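Comments concern the structure below.
Owing to the predicted nature of the structure, the values given are computational and were not obtained by experimental measurement.
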Amino acid sequence: MSLDQTIRIERWTPLSRAAILIAALVLVLLAAGPLLFSNNAIDKLTTLFIYVMLAVCWNALAGYGGLVSVGQQAFFGLGAYAAVRLADAGLSVYPALVIAAVLVAIVSLPISAFMLRLKGGEFAIGMWVVAALCHLLVNLDSLVQGETGTSLIALNAYEADTRHALTYWVALGSMTAILAILFALLRSRVGSAIQAIRDNEEAAASVGVRVMSTKRIIFVFAAFGAALAGALWLATAITFQPKTYFGVQWTAYMIFMVLVGGLGTFEGAILGAVIFFVIEAWFGASGVWYLVGLGATALVFALFLPRGLWGWLERRYDLALLPLGYRVTIGGQPPSRERTPQGGPAAPAPTGNAG
Amino acid sequence: MNEASNQPIVTVSGLEKRFRALVVLDQIDFSMRADEAVGIVGPNGAGKTTFLSVLVGAHAPTSGTITFAGEDVTHLPAAERSRRGIIRTHQIPRPFGGMTVFENVFVAAANGGNFAREEAYERASESLRLCGMFHLANRRAETLGLLDRKRLELARALGTNPKLLLLDEIGGGLTDGEANELVGTIRELRHRGIAIVWIEHIVHILLQIADRLICMDAGRIIADGDPETVMKTPAVVEAYLGGSVE
Ligand SMILES: Nc1ncnc2c1ncn2[C@@H]1O[C@H](COP(=O)(O)OP(=O)(O)OP(=O)(O)O)[C@@H](O)[C@H]1O
Ligand SMILES: [Mg+2]
């Protein structure tokens with residue numbers, strides 16, 4: 001037997017390298033957006049970037065961490081609220097958006113201490129309660145004036161074109177950062193640990209995974225992403241009414257995007273955000289039919305493509321554009337019975353060898 | 001054998017575990033050296049699995065203490081115990097279904113084994129090879145059949161680089177050839193200095209490995225010693241209700 005016995009753990013494929021390159025090119029092109037497109041188109045794209053952030057963060061939490069939250073609007077709303085507060089305190093508006101998200105991430109730490117003790121449905125409902133509480137507390141702030149709300153008036157200091165462009169760039173930068181950090185995080189050992197927890201928490205602990213701290217990383221990251229999205233939404237909408245930001249529809253959108261795109265697939269969440277964006281662009285104005293359409297789409301996917309569009313493509317064609325896993329090859333080939341490293345146990349098996 | 005192997009690797013004293021009113025472990029005292037391979041037999045519901053669960057920290061004992069390699073680990077969480085070298089396989093396998101076979105073992109090596117990335121790769125590949133699963137490395141664990149799931153339990157446990165390996169009925173349902181392979185693998189692990197505790201109903205497999213046998217019944221250790229002698233103890237024969245002790 002003179003087979004090549006080199007074992008390699010592949011994390012990139014030629015296809016995925018090409019995909020990353022194309023993604024980078026698309027991002028560079030998008031960066032030129034304000035020079036090319038109308039303000040209307042710029043605003044639409046800004047919305048898309050926010051949707052992508054919401055989808056990938058919810059997917060990180062639910063699809064990779066198994067932490068199904070129906071209360072992510074808590075962080076979305078807090079992000080917007082913190083931005084209003086920071087701007088009111090005199091901070092420059094655009095830095096305030098990012099700092100607001102950082103503050104919310106810090107606030108999510110003590111929340112995680114309570115919530116991550118809950119399992120499954122209890123966690124989901126618990127997060128919804130957290131969102132309701134945050135909503136109530138924010139309403140108490142005299143700056144917000146209850147449901148009357150307030151605005152990010154500091155944005156008026158910018159001339160309209162500049163404002164649209166700046167908001168767009170900050171959103172694009174934020175989305176890129178969120179995608180890059182999440183991709184790196186899920187490819188790191190945290191990524192495999194969190195998936196192990198999702199698949200079997202007790203078994204994960206039994207092989208040495210520090211369950212609480214691993215879950216906390218994902219939880220805080222998802223809170224940060226939702227808060228950043230909320231602060232950016234505020235920058236596009238300018239007005240802050242607690243009801244709109246703390247509404248459960250945000251989480252409904254996240255769930256829709258992720259389920260349609262593919263729960264637990266990195267590419268799927270992005271695809272789901274694009275699909276949601278397109279559906280909204282076409283049907284968003286048609287009131288109740290829009291909601292009917294969303295519901296019907298979700299139903300069709302649940303029935304016929306339970307793994308979502310990307311989940312289906314991924315399995316059907318063994319596709320991985322942004323791979324997070326580990327593929328083993330031996331001598332450049334996938335392992336098989338014939339291709340297995342030589343040198344068995346000290347006491348060799350008398351029977352049952354050779355494929 | 002060296003100095004260290006004369007010290008007990010694990011010592012359990014006064015261990016008790018209750019589930020509400022049910023006493024499942026009743027004042028267990030037990031100690032073993034690193035160079036031992038201890039078999040555990042006993043009827044269904046005797047508390048064998050629960051004993052392992054308490055040893056690895058999946059269940060907290062109601063009372064009693066556990067000392068591992070000179071350290072009191074009674075209140076240490078399961079993850080920390082596995083990082084110190086105590087690991088078990090699950091009687092009902094618990095694979096990480098959404099991950100590949102390789103990733104299952106890699107997680108164990110990178111966490112319980114404290115290995116850096118490259119070392120964890122090597123550790124995982126070698127554990128898979130030892131368990132005859134390397135050819136399945138890229139398979140999603142949820143697609144495995146029961147036997148391969150059990151093999152994966154063993155491979156994953158080995159990934160953590162254990163000092164004390166607790167096996168819970170991994171020998172059931174094997175052909176003679178497969179059983180021999182398993183015995184070969186476990187022998188190899190003993191050679192590497194891993195202390196072994198093995199619960200098994202299929203006694204003839206167990207006796208090829210165990211140099212000491214324990215019989216549990218109703219939460220107690222009713223016999224402990226040389227395998228031949230233990231199997232002939234009247235209490236043991238009776239615990240098995242005169243059933244054929246192969
Ligand atoms: N989590 C639990 N809660 C309540 N009772 C339990 C729990 N786990 C085990 N038991 C009970 O404890 C007793 C011992 O169970 P255990 O699984 O340890 O037995 P065993 O010796 O491993 O049996 P088997 O040979 O069937 O695997 C049984 O009566 C079982 O019903
Ligand atoms: Mg058992």
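Residues passing the side chain to side chain donor-acceptor pair (under 3.5 Å) test with B:N161 are B:R123, sequence neighbours excluded.
Looking at every heavy atom in both residues, A:E201 comes nearest to A:V211 through OE2-CG1, 3.6 Å.
Residue B:R140 touches chain A through its side chain alone, counting heavy-atom pairs closer than 4.5 Å. Neither the backbone nor the side chain of A:R8 comes within contact range of chain B; no heavy atoms are under 4.5 Å apart. Contacts of B:F102 with chain A are made by side-chain atoms alone, with heavy-atom separations under 4.5 Å and no backbone atom involved. Of the atoms belonging to B:E142, it is side-chain heavy atoms, and not backbone ones, that fall under 4.5 Å from chain A. Using a 4.5 Å cut-off between heavy atoms, B:R81 makes no contact with chain A at all. Heavy-atom distances place the side chain of B:E80, and not its backbone, under 4.5 Å from chain A.
Between chain B and the residues A:E202, A:Q195, A:R198, the most heavy-atom pairs under 4.5 angstrom are made by A:E202. Of all the listed residues (B:A137, B:G98, B:P77), the one sharing the greatest number of non-hydrogen pairs under 4.5 Å with chain A is B:G98. Chosen from A:S206, A:A196, A:A193, the residue pairing most often with chain B at heavy-atom distances under 4.5 Å is A:A196. Across B:E122, B:R84, B:R156, B:R117, the residue that shares the most heavy-atom pairs under 4.5 angstrom with chain A is B:R117. For the set A:G264, A:A203, A:P334, A:G325, the count of heavy-atom pairs under 4.5 angstrom toward chain B peaks at A:A203.
Test B:L52, B:L167, B:L166, B:I170 against B:I199 for side-chain contact (heavy atoms from CB on, under 4.5 Å) and you get one pass: B:L52.
A:R187 forms a cation-pi arrangement with A:W12, by the criterion of a distance under 6.0 Å to the ring centre and an angle within 45° of the ring axis. With a 6.0 Å cutoff to the six-membered ring centre and a 45° limit on the axis angle, B:K17 counts as a cation-pi contact of B:F19.
Judged by distance alone, the side chains of B:N138 and B:T100 never bring a donor and an acceptor atom under 3.5 Å apart.
Side chain of B:R94 to main chain of B:H90: no donor-acceptor pair is present (N/O by atom type, distance under 3.5 Å, no hydrogens or angles).
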